[in-house]
Amino acid sequence: MAAFHQWAAGPVPIRSATVRGHPMSVRTVCLGWHWQPYRYSRHAGDVNGARVLPLPEWLIELGRRALASVGWPDAAAYRPDTALINFYDAGAKMGLHQDKDEVSPDPVVSLSVGEACVFRFGNTENRNRPHTDVELRSGDLFVFGGPARLAYHGVTTIIPGTAPDDCGLTDGRINITLRATGLRD
Ligand SMILES: O=C(O)CCC(=O)C(=O)O
Ligand SMILES: [Fe+2]
């Protein structure tokens, strides 16, 4: 949580990205590469032009451990170069989308802290049903890998009052996704 507060403070402060003219209800701060719809850059051109903080080695290592824990082959070779850290308050959601601004086919590793949410998972072709709704709770890990890498997904609801006492967050939800952009400077 201390790390989250530090990242959120800047040099690029946490903000709601603007998608097609509308601010997202989720607020996001990035490490390594700055994400704005629908591209990555080293500097936050849509915020204050500052360069984002580097992705710390401990998060990269966490990503490798996460992949190893689900039996991903070659987890030790995983080289994420960006993290998107999302903060959801009580009313925040994220519409169905694909994570497809990365060039690399490597998995996206998602970690959740705080209140639980209803996470909606669809298919790789379109936003149509059937959807699978799963509750992602504090401490849960979700991996978008292989055939699921480009599956549509989103967050429909934050479930109030579900944060464990010891997670460091009483209200809201933090989600961290580790990604390999496949981009070079
Ligand atoms: O909050 C989540 O669980 C998903 C976040 C997400 O899909 C994203 O940041 O692209
Ligand atoms: Fe996503």
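Please read these numbers as outputs of a predicted model, since none were measured by experiment. Only heavy atoms go into these numbers, but all of them, side chains included; no hydrogens, no water, no symmetry mates.
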Item checked: Heavy-atom side-chain proximity of S16 to R27 below 4.5 angstrom -> yes
Notebook entry, point to check: Under 3.5 Å, side chain of T82 to main-chain N/O of G32, donor-acceptor pair present?
Noted result: no
Check: Between atom CG of D99 and atom CG of L150, what is the distance when rounded to the nearest 0.5 Å?
Finding: 8.5 Å
Item checked: Check: L96 main-chain N/O paired with H153 side-chain donor or acceptor under 3.5 Å -> no
Check: Given the rule that I, L, V, M, F, W and Y join up when any side-chain heavy atoms are under 4.5 Å apart, are F4 and L178 in one cluster?
Finding: yes
Check: Should V12 and W33 be counted in the same cluster of Ile, Leu, Val, Met, Phe, Trp and Tyr side chains packed under 4.5 Å apart?
Finding: no
Check: Just by modelled atom types, is the A180 backbone N or O under 3.5 Å from a matching donor or acceptor in the E102 side chain?
Finding: no
Check: Looking only at atom types and distance, does a side-chain atom of Y78 sit under 3.5 Å from a main-chain N or O of P107, one as donor and one as acceptor?
Finding: yes
Notebook entry, point to check: Within a strict 4.5 Å, meaning less than it, do heavy atoms of the D101 and R39 side chains meet?
Noted result: no
Margin query: Determine whether Y88 and M94 satisfy the following criterion, side chain to side chain contact (heavy atoms under 4.5 Å, CB included), listing intermediate values before the conclusion.
Written below: CA-CA 9 Å; Y88 297 76; M94 191 179 286; 3.3 Å; yes
Check: If every non-hydrogen atom of G146 is compared with every non-hydrogen atom of W72, which pair is closest and at what distance?
Finding: N-CH2, 3.4 Å
Note to self: When you compare the side chain of L183 with that of V103, does any pair of heavy atoms fall below 4.5 Å?
What the structure shows: yes
Check: With a 4.5 Å limit on heavy-atom distance, are the side chains of Y40 and L84 in contact?
Finding: yes
Next item on the list: Quick one: pull up OH in Y152 and CG in N126 and give me the separation to the nearest 0.5 Å.
Entry: 7.0 Å
Margin query: Is it the case that the side chain of N175 and the backbone of I85 share a donor-acceptor pair, with hydrogens and angles ignored and the cut-off at 3.5 Å?
Written below: no
Checklist line | Flag side-chain contact, heavy atom, 4.5 Å: V47 against P13 | finding: yes
Next item on the list: For the residue pair D46 and R15, establish whether any side-chain heavy-atom pair is separated by less than 4.5 Å.
Entry: yes
Check: Side chain of T177, backbone of V109: donor and acceptor closer than 3.5 Å?
Finding: no
Notebook entry, point to check: Judged by atom type as modelled, is there a donor-acceptor pair below 3.5 Å linking the side chain of R127 to the main-chain atoms of H97?
Noted result: no
Margin query: Going by side chain to side chain donor-acceptor pair (under 3.5 Å), name the residues that satisfy it together with D165, two or more places apart in sequence or in a different chain.
Written below: none
Margin query: Less than 4.5 Å apart, side chain to side chain, heavy atoms only: is that true for V155 and R120?
Written below: no
Margin query: What I'd like to find out is whether the side chain of E115 reaches to under 4.5 Å of the side chain of T162, using heavy atoms alone.
Written below: yes
Notebook entry, point to check: Looking only at heavy atoms, what is the nearest atom pair of C117 and I158, with distance?
Noted result: CB-CD1, 3.9 Å
Notebook entry, point to check: Between SG of C30 and CZ of R42, what distance do you get to the nearest 0.5 Å?
Noted result: 12.0 Å
Check: Is a side-chain donor or acceptor of S138 paired with a backbone partner of G114 at a separation under 3.5 angstrom?
Finding: yes
Check: Are L67 and L62 joined in one hydrophobic group, where the rule is that I, L, V, M, F, W and Y side chains link up if heavy atoms are under 4.5 Å apart?
Finding: yes
Note to self: Minimum heavy-atom separation for P56 and L31, please, with both atom names.
What the structure shows: CD-CD1, 3.8 Å
Check: Residues in side chain to side chain donor-acceptor pair (under 3.5 Å) with R173, at least two apart?
Finding: S112
Check: In terms of hydrophobic clustering (I, L, V, M, F, W, Y; side-chain heavy atoms under 4.5 Å; direct or indirect links), are V113 and L136 co-clustered?
Finding: no
Next item on the list: Kindly give the heavy-atom pair with the smallest separation between M1 and G168, and that separation in Å.
Entry: CG-O, 3.6 Å
Item checked: Connected via hydrophobic side-chain network under 4.5 Å: Y38 and V29 -> no
Notebook entry, point to check: Got a donor-acceptor contact below 3.5 angstrom from the H43 side chain to the S41 backbone?
Noted result: no
Next item on the list: Give a yes or no answer on whether the side chain of D81 reaches the backbone of T181 with a donor-acceptor pair at less than 3.5 Å.
Entry: yes
Notebook entry, point to check: So does H22 have more than 12 non-hydrogen atoms from other groups sitting under 6.0 Å from NE2?
Noted result: no
Notebook entry, point to check: Got a second to check how far T132's OG1 is from F121's CZ, nearest 0.5 Å?
Noted result: 7.5 Å
Item checked: D133 CG to T157 OG1 distance, which is reported to the nearest 0.5 Å -> 8.0 Å
Notebook entry, point to check: Below 4.0 angstrom, N of the basic side chain to O of the carboxylate: do D106 and R79 qualify?
Noted result: no
